[in-house]
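A note on names: the letters A, B, ... follow the listed sequences, proteins ahead of strands, and every chain is numbered from 1. Just so you know, these numbers come straight off a predicted model, no measurement behind them.
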Protein chains: 2
Amino acid sequence: MIPRLADTDDVQDLVALLRARGQRVTSQRLVILRELRRRERHASAEEVHHAVHRDLPGISIPTVYATLELLAELGLARKLKAGTGVSLYDARTEPHQHTMCRRCGRVDDLECELDADALLRVARARGFRPDCAELTIWGLCEDCAAVAGCLDS
Amino acid sequence: MIPRLADTDDVQDLVALLRARGQRVTSQRLVILRELRRRERHASAEEVHHAVHRDLPGISIPTVYATLELLAELGLARKLKAGTGVSLYDARTEPHQHTMCRRCGRVDDLECELDADALLRVARARGFRPDCAELTIWGLCEDCAAVAGCLDS
DNA sequence: ATTGGTGCAAATCCTTTGCAATAGC
DNA sequence: GCTATTGCAAAGGATTTGCACCAAT
């Protein structure tokens, strides 16, 4: 089933990691990673499930969740919680920051350096073992700010 | 019912805010804020509900949720999502940073300055209206790191 | 041939909603 | 007395689990 859907060219790294761990290379895993990489924004499990239906009509929600979790564990995706509590997944694994809208839950990336060394030092001194630092800026996105602006004034 | 439970001395600010907004001063509201202030750690709605049972045996979970949400809206509490997705509430309203354990979901405060001005500028330039910036350091707490250390090696 | 992965259905967990009863103003 | 708040029960949404079947090794 795999060869039809997938030259594995663009997901070689996943194939290698799975083989190295003695895990199986399935079409679901390839397609989900490919979908995640094709998007520029963070995607929820449900969005991924919907998007992937085109390639794999029978794919189930539990499989999507399990696969996204696996990708995060393999370091091929990052998982984060939107303001609404929904889990979002992102194939951009290099550290970056986020804005989160308190009203609609929208999450966007923010391209900007962050120097968190001092904080990481403090965390380590406390016995915590950090693996990444991320800054979240809370507020209102442009659309919600426009609405709120009308209401407030 | 209020006077017995509560000199309102320690929650005057809440009383004042409620009066100013034409909202009612209820024992539930006073007791929940007091409980939140008595704790040094973040509390989930369920923990607050349990703790408050002593003073108000009949208090319901929906009331606890509604009240915590109200306190956050009034600026008397901060709401954040733990790594597990559970909402946590904290009466410390001055900005501070957090460590979150990927394994057990534990959240702790980190006392350290954070300079996020550059990021806030970028966010504003994009049309976002920020109201607070918070840094989350992900990793393993001391206990989980100890366990993981044994397993990994 | 083995057994790890999948799909299905159902369960779980956290949180919110609808509505009648109650308590603050 | 009027109406915001409450408590109850039930619904809702996101995520996870149990288990039989299927497909990758």
Can you pull out every salt bridge (charged side-chain N to carboxylate O under 4.0 Å, His left out) where at least one residue sits in residues 14-30 of chain A? Sequence neighbours excluded, please. A:R21-A:E73

Using side-chain hydrogen bond (donor to acceptor under 3.5 Å, both in side chains) as the criterion, list what pairs up with [X], not counting sequence neighbours.
| X | result |
| --- | --- |
| B:R41 | B:D108 |
| A:H96 | A:D90, A:H98, A:D109 |
| A:Q12 | A:T8 |

In short, the helix from C:dA1-D:dT25 to C:dC25-D:dG1 is bent end to end, axes from five pairs each side, to 10°, by 30°

Output the rounded distance in Å from [atom1] ([X]) to [atom2] ([N]).
| X | N | atom1 | atom2 | answer |
| --- | --- | --- | --- | --- |
| A:Q28 | C:dG5 | CD | C1' | 8 Å |
| B:Q23 | D:dT5 | CD | C1' | 10 Å |
| B:L30 | C:dG24 | CG | P | 10 Å |

Under 4.0 Å: is that the gap between some side-chain N or O of B:T26 and OP1 or OP2 of D:dT6? yes

Side chain to side chain contact (heavy atoms under 4.5 Å, CB included) against A:C104, all qualifying residues, sequence neighbours excluded: A:C101, A:R106, A:C141, A:C144

With sugar-phosphate meaning primed atoms plus P, OP1 and OP2, does B:R21 contact a base, only sugar-phosphate, or nothing at under 4.0 Å between heavy atoms?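 Here B:R21 touches no strand at all.
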
Could you list by number each residue of residues 62-74 of chain A showing a heavy-atom separation from DNA chain D of less than 4.0 Å, or answer none if no residue does?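 Listed by number, they are A:P62, A:Y65.
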
Sequence neighbours excluded, every pair satisfying side chain to side chain donor-acceptor pair (under 3.5 Å) that has a member inside residues 133-147 of chain B: A:E134-B:W138, A:W138-B:E134, B:R78-B:E134

Connected-component partners of A:F128 among ILVMFWY, side-chain separation under 4.5 Å: A:L110, A:L114, A:L119, A:L120, A:V122, A:L135, A:I137, B:L110, B:L114, B:L119, B:L120, B:V122, B:F128, B:L135, B:I137

